[in-house]
Protein chains: 2
Amino acid sequence: MSARTPDTARDIPEATVARLPVYLRALIVLADAGTATCSSEELAAAAGVNSAKLRKDLSYLGSYGTRGVGYDVEYLRYQIAREIGVTQDWPVVIVGIGNLGHALANYSGFRSRGFRVVALLDADPARHEEVVAGLDVRSFDDLEGIVEEHDVSIGVIATPAVAAQDVADRMVAAGITSVLNFAPIVLSVPEGVDVRKVDLSIELQILAYHEQRKAVTARAEDAS
Amino acid sequence: MSARTPDTARDIPEATVARLPVYLRALIVLADAGTATCSSEELAAAAGVNSAKLRKDLSYLGSYGTRGVGYDVEYLRYQIAREIGVTQDWPVVIVGIGNLGHALANYSGFRSRGFRVVALLDADPARHEEVVAGLDVRSFDDLEGIVEEHDVSIGVIATPAVAAQDVADRMVAAGITSVLNFAPIVLSVPEGVDVRKVDLSIELQILAYHEQRKAVTARAEDAS
DNA sequence: CTCGTTTTGTTCTCGCGTTCACAAACTCCT
DNA sequence: AGGAGTTTGTGAACGCGAGAACAAAACGAG
C-alpha cells in the first residue's frame, strides 16, 4: 500500500473547502437556467471569485473539466456535492428555539442542501407546547435519546450565551462531533469536535470599522 | 507633512480587524466580572486565540499595555471600541422581515454594541400591519427617505435570494455604503461599497465536509 | 492530417498572517 | 538601591493562499 491515498482522502486546503459550497450554489443556479456547460470564467463570475482561483480549487478535487470546452454543469455539481458530503442526508438538532431558533428551523436552505432538522429542543418548558416548522419543541433532556435514535452528528446552538457552554458539553457527551454556534461566546470542546461560530454583531462591527475609516479618509481628502 | 499618519489612520490588517470585536466582547465579560487588569495570556484564553497573536493584534492599535503587569481592562476596552467605531451610534435599516428579519430585529446584541435599528422594511404590503421589536414594518419605498433622515450608512438584507440584488441596488443608490447580506447570492456593488455575507447553510456544509472526513479516516483506521 | 483557437491544469512568485523567541520595561521583595 | 520575576511589544522565520503566466490538451476548420 505505498500507492496513492484513495478517493476522497486527499488533502483539500481549508480556504478551498469554504468556497466549494459557493461553487455548488452557483452550479445549481446555472443548471436551473438550463446551462449544460460552463467555462471557469463564467462559473467564477457567478461565484464572485477570480477564475484562476476557481480552477485551482477544482483541481484539488480532480480533473473534472475538458480543455477547450469547460465543465459539464451537472457532472461538476455532483462531484462537488459528493466531496462536501451533501449527497447524503445529515440529521441536525437545533437547541434554543427563540427568535433565531425559529428562523433556523424554518430556513428552507438547510433542507434543500442535504440537512434534515430532526428535533427542536429548548430548556424552557413553556416552549414545549409550541409546534415550529412542523416539529414539536421538545425538552432539552431528550437530547441523548434523539442523538442516538437518529445518529445525529451535527448540532446547532441558538441559545443565549450563558447556556451555550452547557449545551455544547451535553451535545459532545451525547456523541455530537460538529457544532454550529450562534451564541456570542467562545466554546471549549475536546479535540476531535469541530465548532464553527456565526456572530451577527461581529459582522456589523467589522463593517462599522471600515465605515468609520471611509469617513475619516473622506474628511482628510476634503481638507487637502 | 512627512510625519506619521495621524491618530486612527494606521493600517490594521484585515485579519486583525475581524478579531477586535472578539477581544472587545471578552473584555466586557472580564469587566462585568470585576476584573481590573488582565494579562495577554488570560485575555487570549477568553477570546480563544494564541497569546502572541493577541499581543501583535493589539500592538497595531498602539501600546496600551504595561510590561510586567498586563492590560487595564476598562482602558483597553475603550480603546478597541473607539478603534472599531462602536463608541458612536450606528443607525441600521433591515430589509426583509421574514423569519430571519424578525430574529435580527429582536437581537439585543446589536443595540448593546452601538447599533440602532431605525427601520424595518418589507416589500410585501401584508406585512406593513405588523409591529416588530417596537417598530412598524414599513414599505420598502420608504428606504430613501429613511436613509436621508437618519443618515444611515449600514443596511442589512434578509430577503429571499431573488430580491437581494434589487434591494442592494436601491440601498446603494440611496447612499448606503456598507451591506450585511444574509441572502444566499453574490451581490455586485460598485467600488467603495463594502459587503459582508453570512450564509447559514454554507457553514453547515463546511461542517459536513469535515464530518464526512472524520467518518472516512475512522473507517480507514479500523481497517488497519 | 495539420494548424489555429479555446480553455483547463499547474508551476512559480509574491504577499499576508501566524508563530516563535527575545529584548525592553515594569513590579516587588529584600 | 539592586536583583529576581513578569509580561509586553516586536523582529525574524515560516507556511499558506492568491494571482499571474504558461504548457498541455481538446476541438474545429480547411
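To find a chain, count down the sequence lines: A is the first, B the second, and so on, and within it residues start at 1.
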Euclidean distance, atom CG of residue L54(A) to atom P of dG19(D) [Å, nearest integer]: 12 Å
Residue whose closest nucleotide on DNA chain C lies nearer the 5' end, T16(B) versus R55(B): T16(B)
Nucleic acid contacts of residues 184-198 of chain A, taken as heavy-atom distances under 4.0 Å to DNA chain C: none
Spacing of K56(A) atom NZ relative to dC22(D) atom P, expressed in whole Å: 16 Å
Steps toward side-chain hydrogen bond (donor to acceptor under 3.5 Å, both in side chains) verdict (D57(B), Y23(B)): CA-CA 10 Å; D57(B) 283 342; Y23(B) 303 153; 2.5 Å; yes
CD (E144(B)) with more than 12 external heavy atoms under 6.0 Å: yes
Proximity of Y75(A) and Y64(A) rings by center, below 6.0 Å: yes
L58(B) CG to dT8(D) P, straight-line distance once rounded to whole Å: 9 Å
Value in whole Å for how far the P atom of dG15(D) lies from CD of E14(A): 19 Å
When you compare the protein's N or O atoms with those of nucleotides 26-30 of chain D, which come within less than 3.5 Å of each other, and at what distance?
none

Span of DNA chain C in contact with chain B (heavy atoms, under 4.0 Å): dG17(C) to dT27(C)
Touch class at under 4.0 angstrom, heavy-atom based, for Y60(B) against every strand present: nothing
Position toward the 5' end of DNA chain D (nearest nucleotide), G62(B) or A52(A): G62(B)
Worked verdict on I80(A) versus I84(A) for side chain to side chain contact (heavy atoms under 4.5 Å, CB included): CA-CA 6 Å; I80(A) 293 180; I84(A) 301 177; 3.8 Å; yes
Whole-Å gap separating P (dT6(D)) and CD (E41(B)): 13 Å
Residue pair L200(B), F110(A): steps toward the side chain to side chain contact (heavy atoms under 4.5 Å, CB included) verdict: CA-CA 8 Å; L200(B) 308 177; F110(A) 291 162; 4.0 Å; yes
Heavy atoms of other groups near E41(A) CD, more than 12 under 6.0 Å: no
Candidates I176(B), L187(B), V172(B) - the one meeting side-chain contact (heavy atoms from CB on, under 4.5 Å) with V193(B): V172(B)
Side-chain donor-acceptor contact under 3.5 Å, T87(B) with R82(B): no
Rounded distance (Å) that lies between atom P of dC16(D) and atom CG of D57(A): 16 Å
d(CG, D72(B); P, dT8(D)) in whole Å: 13 Å
Note: D11(A)-R213(B) ion pair, threshold 4.0 Å (strictly below): yes
Pair D72(A) + R77(A): basic N to acidic O under 4.0 Å: no
Side-chain (W90(A)) to main-chain (G85(A)) donor-acceptor, under 3.5 angstrom: yes
